[in-house]
Amino acid sequence: MLDVKMIRENTEKCKKRLALRGKSYDIEIDQILALDDKRKEIIAKVEGMKAQQNKVSKQIPQMKKAGEDTAAIMAEMKKLSEDVKQLDADRTVVEAELQDVLLIVPNVPADEVPAGADDAANPEIRRWGEPVQFDFEPKPHWDIGGDLGVLLPDVAGKVTGSRFHFYRGLGARLERAIISYFLDTHSDEQGGYTEILPPFIANSASMTGTGQLPKFSEQMYQLGREDNDLYLIPTAEVPVTNMYRDEIISNEALPVRYTAYSACFRREAGAAGRDARGLIRQHQFNKVELVNFAAPEDSWNQLEKLTNEAERVLQGLGLPYRVVCLCTGDIGFSAAFTYDIEVWMPSYNRYVEISSCSNFLDYQARRANIRCRDAAGKPQYAHTLNGSGVAVGRTVAAILENYQNVDGSVTIPEALRPYMGVDAIK
RNA sequence: GGAGAAAUACCCAAGUGGUGAAGGGGCUCCCCUGCUAAGGGAGUAGGGCGCGAAAGUGUCGCGAGGGUUCAAAUCCCUCUUUCUCCGCCA
């Protein structure tokens, strides 16, 4: 969430940058400032009264000891106590209202984020590799996998419903190999990440901390009955970032770099008909995530490193990709700046998102109360970053398509052969 | 899932309604001692929020949230976590 002080000092700029996301937040910004004014007014009043309360409460036992009558002063204090209680209640209401508004205002896009309405306006930053030229008609991955018997797209329908997949034989093994390859690569000397295996369920406080709640509850699977507070995670970003909720990270530990595999669960509400076939858009998919906690002055540097780490695994697999910078209309709710990595997908005849690397600045840290210390030793909000490193199902799709052969077989990229034990799926 | 116990600072820990939340360890500084050990003294409750240019100052903090009371670490309620035992289980 945004810093009220920052909003106060940069009101017009905030409004202007937020509006470039495609929706005006002028009303919310004005509400925030008004509620904060009201909050301060109540605090000034009630704390003066509490000081009086404290002072008199210390006198009462002395008076009693001296044998004086305290009935009158106690009656007076009772009245004061009631007024304090009322003002405290008012304050709770105002602060809850303020919090409610703060939680639905997205992060302000960083100055470097280009203005634009949607993904068509995302500038390309760089490309790696060349899209394969096939001398035959390439097939989409669902046909390749289906023909090889390693993907069973129709079976999940009766077990769960659409947008789920069974993998079979070397297909299942390929998914597992990719997870291991990603984790091993990120954890190696060059990657420098520590592996985490988190719970795949998180509570609402955690979901709020990273920005999924309160605004995007319709995108998540909630567990159990109405009184249950648990959700299936949409990304390992949620449990791993929230490891440090309400903590002060010692500065010697920074930057904290974690890589985590998890299954991810998304309802994909509003995505009806999009990417209906294949592994591109699933309700449950696997992902290896990179999560980073950085000192504020270091976070932009860490974003470049993190993005390069995500690119490294695609390079290792020989998959052509490009990096784009998300424009103001396409950037996610909590992010201040995002690079997307898009892998070449022959069946789409274009690049398809396979990783999203973002700097959240202190937006998540303020929500989740994640802090480090400044040069003077005072606590300050840390910066959080994360990126897919990368989406596993989409990697399977990309390998099947980019490494397909005319006879219907798929060559296994060099880097995965130690994990696969075979050099092709036939 | 059932029963019991617990939660106070970096650690241990006292504190059953009343003026500044004991004490010890550790840590920091100082004194003494040619070094070390031992000894002596002082400091050490974080953090949030408010006011203030600042120095400061006020307020809230005893697991969390409510309640009772003029006044709560202390009494009451709800919740969380940890420990022990039982049950169940990969």
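Lettering of chains follows the sequences in order, A, B, ..., and the numbering in each one begins at 1.
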message = With a cut-off of less than 4.0 Å, is there a side-chain N or O of A:N369 near OP1 or OP2 of B:G47?
response = no
Partner nucleotide, any strand, of B:C49 [Watson-Crick/G-U, under 3.5 Å] = B:G58
key: Distance in angstrom units between A:R367 CZ and B:G48 C1', rounded   = 19 Å
message = Using OP1 and OP2 only, check whether a side-chain N or O of A:R39 sits under 4.0 Å from B:C49.
response = no
A:K23 NZ: over 12 foreign heavy atoms closer than 6.0 Å = yes
inquiry  = On the nucleotide B:U68, are OP1 or OP2 found under 4.0 Å from the side-chain N or O atoms that A:K85 carries?
reply    = yes
inquiry  = Whole angstroms only, please: what is the CD-P distance between A:E82 and B:G67?
reply    = 13 Å
inquiry  = Would you call the rings of A:Y261 and A:F200 parallel, tilted or perpendicular, taking 30° and 60° as the class edges?
reply    = perpendicular
Gap in Å between the two C1' atoms, one belonging to B:U8 and one to B:U74, rounded = 12 Å
Base paired to B:A3 (Watson-Crick or G-U; both N/O distances under 3.5 angstrom) = B:U84
ask   = How long is the line joining CZ of A:R91 and P of B:C49, in whole Å?
value = 11 Å
ask   = Toward the 5' end of RNA chain B, which comes first, A:K50 or A:A44, by nearest nucleotide?
value = A:A44
